[in-house]
Every structure is written in structure tokens, then in C-alpha cells.
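Values below: every heavy atom of this structure, side chains too, minus hydrogens, waters and symmetry copies.
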Amino acid sequence: MLDGLLNYCKITNTPIDFLSWYCYTNDPNNIVSIGNSIQKTLNTCGYNNIESHCTEWASSPVGFSHTFTKVQSTTSASFIATILIYMQYCKVNRAYYYRGGGSSFGLFNDQSNPTNPAHKNFCNYAAQCFNLFTRMFETPYLLTQDNDFSTGLTTLVGENEAGNKINILAANYEIDLVFGNPLMSPEGPLNQQYYLDTNRTVNQLNDDWSKEHWFGGIDPNTVIYNNLVHQRPYVSRTPLTVFPPRREQNNTLSRTGLNITIRNIANSFRNYKITAYRIKEGGRLDRMIPEEETTSISSSFSNGVLNITDRGALPSTVTLYTIDFTG
């Protein structure tokens with residue numbers, strides 16, 4: 001379909017602004033493989049300058065009660081953070097997680113936390129993961145890494161323009177066939193999912209407030225129209241593009257935590273402070289920011305080299321380390 005679409009546009013001089021695709025997988029490596037494969041096809045067909053949009057991605061498109069439990073878990077948070085990191089290394093201009101609201105597969109709900117009844121949920125671990133990822137925009141200049149994606153532990157490191165702040169996002173996700181299989185139930189209690197406006201149909205969302213806040217000021221009844229397409233003859237098919245083989249992972253080192261070294265820090269900095277926030281099983285979910293955790297972290301700084309060791313960065317966790325340097 002991809003080759004046919006691009007050839008059709010080229011032969012008929014039909015303008016194309018972007019290419020959209022989606023990916024449901026339990027293996028983050030597939031995002032890199034698909035993104036690079038699509039870019040290769042775009043280059044081959046002469047459309048190397050158009051954007052590539054992953055307009056739907058998640059671990060599973062199938063909705064069962066145990067699927068909802070999986071997408072709200074710490075495993076899901078580490079899966080999401082890993083894919084967001086991987087996307088920095090392939091052709092993905094925009095990416096839309098399915099889904100961000102408060103309905104099925106969503107990031108928000110108001111249930112009691114089944115593993116920590118003392119707290120009532122506002123969000124789930126997946127939402128907290130996106131919150132930590134947005135902190136990376138504080139340090140938008142990515143540093144060169146020895147990151148070969150050969151283990152379950154993946155990091156993204158960036159600094160700010162002044163060079164006195166570094167953020168590190170560390171996601172530890174082990175590829176789990178049970179997690180990606182919608183027919184297999186997870187262990188432990190099942191989470192509920194919160195649905196918004198379940199007592200109203202789209203046709204009833206026509207008051208001024210709903211139009212403004214749900215549909216950007218557009219009447220939802222006018223969104224759908226007669227999408228009639230005049231067919232043209234098929235174009236000849238080009239050879240199929242073969243996806244690169246999946247990278248094999250060795251999780252032995254991932255299960256011992258994180259060791260990271262940052263070099264070439266400016267000589268003008270003498271002091272530093274590390275603050276860490278961790279998504280982990282049992283963490284509170286009544287707020288978007290996960291709990292601060294520094295007890296498992298040790299570090300040293302000398303001659304422009306910072307070493308960080310964190311034995312708590314284990315599988316199914318996501319950790320944000322913020323390092324502030326002073327003179």
C-alpha cells in the first residue's frame with residue numbers, strides 16, 4: 001500500500017504533505033525498524049522531505065479489562081518511555097499515543113489504587129511517564145551516547161543551552177510476550193478504566209461548552225461528510241521493502257540497575273545536585289509527578305566527569321535524573 005500510494009501520487013502529480021502509519025507492538029525495536037523502512041521508501045520514491053507521522057501507537061489495540069490493566073502498569077510506562085527514546089533515532093516527525101484521554105486505554109481515571117488503597121488515582125503510570133518525558137524539553141540539546149539498544153535499559157541524555165543542567169531519562173523495559181498479548185491476563189488485581197461522558201452520544205455534545213472544549217469550536221455533527229473518492233487505475237507495484245532484523249536484547253545487565261558516565265563537563269563547574277523521580281510499582285498515582293527517590297543513587301564528580309550508579313533502576317521502572325551544576 002505504501003509503495004502504491006507514493007507511486008500513485010508521483011504518476012498523477014497528486015500533492016502529498018505527510019505519510020501516516022501506526023504501530024501496535026510489544027517490541028520497541030519495531031518502531032525504529034518501521035520508521036527507518038518508511039524513510040527508505042520515501043527516499044526511493046523521491047519524497048524524502050515529507051514528514052512521517054506515527055498517528056497511532058501503543059502495546060495493544062484490543063480492549064479487555066486485563067488490557068486496560070496492562071496499559072496502566074509500570075511495565076507500560078517503561079514501554080512508552082523506551083519507544084519515546086527510540087523515536088529520537090528514526091524518522092518520526094510526530095507520534096500520537098493511543099490514547100491520551102480518560103476513556104479506554106487512557107491516561108487518567110478516578111479509581112482507588114488497587115495496589116495502594118491509601119491513594120485514589122488521578123492518573124496512571126503511563127501518564128506519569130509522559131510527564132517525565134516532557135521534562136527533557138528543559139534540556140533539548142541531546143548528548144552523544146553509547147546507546148546500542150542491546151539491553152532492556154535505555155537512556156536519553158540532554159543539556160540546556162547554558163550547559164549547567166542535564167536531564168537523564170532512563171527506561172527499563174524487558175520485551176514481554178505476555179504483556180503484548182491481549183488474550184493473556186496479567187497477575188494481580190485488575191484495574192478499572194474511567195470513561196468520560198458515557199451517558200451522552202456525540203450528537204448530544206452540541207452545547208457551546210462541549211463544542212469549544214471537546215471539538216475546538218466545531219459542531220461534531222458537521223465533522224463527518226460524504227467522503228466519496230473517484231478511483232483511478234492501479235499503478236505498478238514496486239518491490240517490497242524488507243524490515244531490518246530485530247535487535248536481540250541481553251537483559252542481564254539491565255537487572256542490576258544503571259551505571260552512566262558523563263564526560264567533558266565544563267571546568268567552571270565544581271558542585272552539583274542530583275534529583276531523581278521514579279515510576280515504580282506501588283507508587284502513588286494521585287498526582288502527575290512520581291515520587292522523588294534518591295536513596296538508591298550514588299554519584300561522584302571529578303575533573304569534568306560525572307558517574308552515576310542507581311541500583312533501583314530495575315525492570316519496569318522509569319527514572320528521571322536532573323543534575324544542576326554550580327561554580
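- The nearest pair of heavy atoms linking C129 to A77 is SG-O, 3.3 Å.
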Checklist line | CA sep, side-chain torsions, deciding dist, call: Y277, E293, side chain to side chain contact (heavy atoms under 4.5 Å, CB included) | finding: CA-CA 6 Å; Y277 299 91; E293 181 161 331; over 6 Å; no

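- Two rings, from Y97 and F130, have their centers less than 6.0 Å apart.
- Comment: K273 does not engage D324 in a salt bridge, judged by the lack of any side-chain N to carboxylate O separation of less than 4.0 angstrom.
- The closest side-chain heavy-atom distance from P61 to F105 is not below 4.5 Å.
- Put simply, L107 and I289 are part of the same group of oily side chains (I, L, V, M, F, W, Y) that touch within less than 4.5 Å, one to the next.
- Checking T155 against Q145 by side-chain atom types alone, a donor-acceptor pair falls below 3.5 Å.
- You'll find the side chain of V92 stays beyond 4.5 Å of the side chain of Y86, heavy atoms only.
- The pair R99-E56 fails the salt-bridge criterion, with no side-chain N (NZ, NE, NH1 or NH2) lying under 4.0 Å from an Asp/Glu carboxylate O.
- In this structure, F79 and Y173 have perpendicular ring planes: the angle between them is above 60°, well past the 30° mark.
- For the atom pair N172 CG and T317 OG1, the distance stands at 5.0 Å (nearest 0.5 Å).
- In this structure, the separation between CG on N121 and SG on C123 is 7.5 Å, given to the nearest 0.5 Å.
- Shown here is R287, whose CZ atom has more than 12 heavy atoms of other residues, nucleotides or ligands within 6.0 Å.
- L306 is connected to L143 through a chain of hydrophobic side-chain contacts under 4.5 Å among Ile, Leu, Val, Met, Phe, Trp and Tyr, so both are in one cluster.
- Residue R94 qualifies as open at atom CZ: its count of foreign heavy atoms under 6.0 Å is 12 or below.
- Summarising the local packing, OH of Y24 is surrounded by more than 12 heavy atoms from other residues, nucleotides or ligands at distances under 6.0 Å.
- Hydrophobic clustering, with ILVMFWY side chains joined whenever heavy atoms are under 4.5 angstrom apart, keeps L169 apart from L314.
- Once rounded to the nearest 0.5 Å, the distance linking CE of M288 with CG of N124 reads 9.0 Å.
- In this structure, Y272 and F325 have tilted ring planes: the angle between them lies in the 30° to 60° band.
- Considering only heavy atoms from C-beta on, L258 comes within 4.5 Å of L153 through its side chain.
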Next item on the list: Report the C-alpha distance between N259 and R311 in whole Å, list the side-chain angles of each, state the deciding distance to 0.1 Å, and finish with yes or no for side chain to side chain contact (heavy atoms under 4.5 Å, CB included).
Entry: CA-CA 8 Å; N259 293 282; R311 299 304 177 197; 3.4 Å; yes

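- Side chain of S76 to backbone of V71: a donor-acceptor contact under 3.5 angstrom is found.
- There is no side-chain donor-acceptor pair under 3.5 Å between W21 and T55.
- In this structure, the separation between CG on N307 and OG on S302 is 9.5 Å, given to the nearest 0.5 Å.
- Here the closest heavy-atom approach between residue I50 and residue D17 is recorded as CB-O, 3.6 Å.
- In this structure, N264 places its CG atom where only 12 or fewer heavy-atom neighbours from other residues, nucleotides or ligands lie under 6.0 Å away.
- A 4.5 Å side-chain heavy-atom check between W57 and M87 finds at least one atom pair inside the cut-off.
- The number of heavy atoms from other shown groups lying within 6.0 Å of CD1 (I16) is above 12.
- The distance from atom CD1 of I34 to atom SG of C54, rounded to the nearest 0.5 Å, is 7.5 Å.
- Looking at heavy atoms from C-beta onward, L2 lies in side-chain contact with L19 at the 4.5 angstrom threshold.
- Applying the side chain to side chain contact (heavy atoms under 4.5 Å, CB included) test between I274 and each of I168, T294, I166, I308 identifies I308 as the sole match.
- Looking only at side-chain heavy atoms (C-beta outward), C90 and I31 come within less than 4.5 Å of each other.
- Counting all heavy atoms, side chain and backbone alike, F269 lies closest to A162 at CZ-O, 4.5 Å.
- Remark: side-chain polar atoms of R284 are not paired, donor with acceptor, to backbone N or O of E291 under 3.5 angstrom.
- A side-chain donor from one of K91 and N93 sits under 3.5 Å from a side-chain acceptor of the other.
- Counting only N and O atoms by type, the side chains of T82 and T154 include no donor and acceptor under 3.5 Å apart.
- In this structure, T41 contributes its side chain and S37 its backbone to a donor-acceptor pair below 3.5 Å.
- Cluster membership check: L156 does not share its hydrophobic cluster with I260, using side-chain heavy-atom separations under 4.5 Å among Ile, Leu, Val, Met, Phe, Trp and Tyr.
- Closest of all the heavy-atom pairs between P315 and S254 is CD-O, 4.0 Å.
- With no hydrogens or angles considered, no side-chain donor-acceptor pair links E281 and Y125 at under 3.5 Å.
- Closest approach of A276 to T319, counting heavy atoms only: CB-CG2, 4.3 Å.
- Counted by atom type alone, N160 and N164 present one or more donor-acceptor pairs between their side chains at under 3.5 Å.
- Grouping the Ile, Leu, Val, Met, Phe, Trp and Tyr side chains by contacts below 4.5 angstrom, directly or via other members, places L84 apart from Y321.
- We find the CD-OG1 distance between E174 and T75 to be 9.5 Å, quoted to the nearest 0.5 Å.
- Evaluated for a side chain to side chain contact (heavy atoms under 4.5 Å, CB included) with R278, the options L320, L132, D310 yield exactly one hit, D310.
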Item checked: Test log, rule side chain to side chain donor-acceptor pair (under 3.5 Å), inputs N26 and S59 -> CA-CA 5 Å; N26 62 0; S59 56; over 6 Å; no

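- Between the side chains of T322 and N167, at least one donor-acceptor pair of N or O atoms lies under 3.5 Å.
- Looking only at side-chain heavy atoms (C-beta outward), V305 and I262 stay at 4.5 Å or farther from each other.
- Across P290 and Q128, no two heavy atoms sit closer than the pair CB-OE1, 3.7 Å.
- Checking side-chain atoms of K10 against main-chain N and O of C45 turns up a donor-acceptor pair under 3.5 Å.
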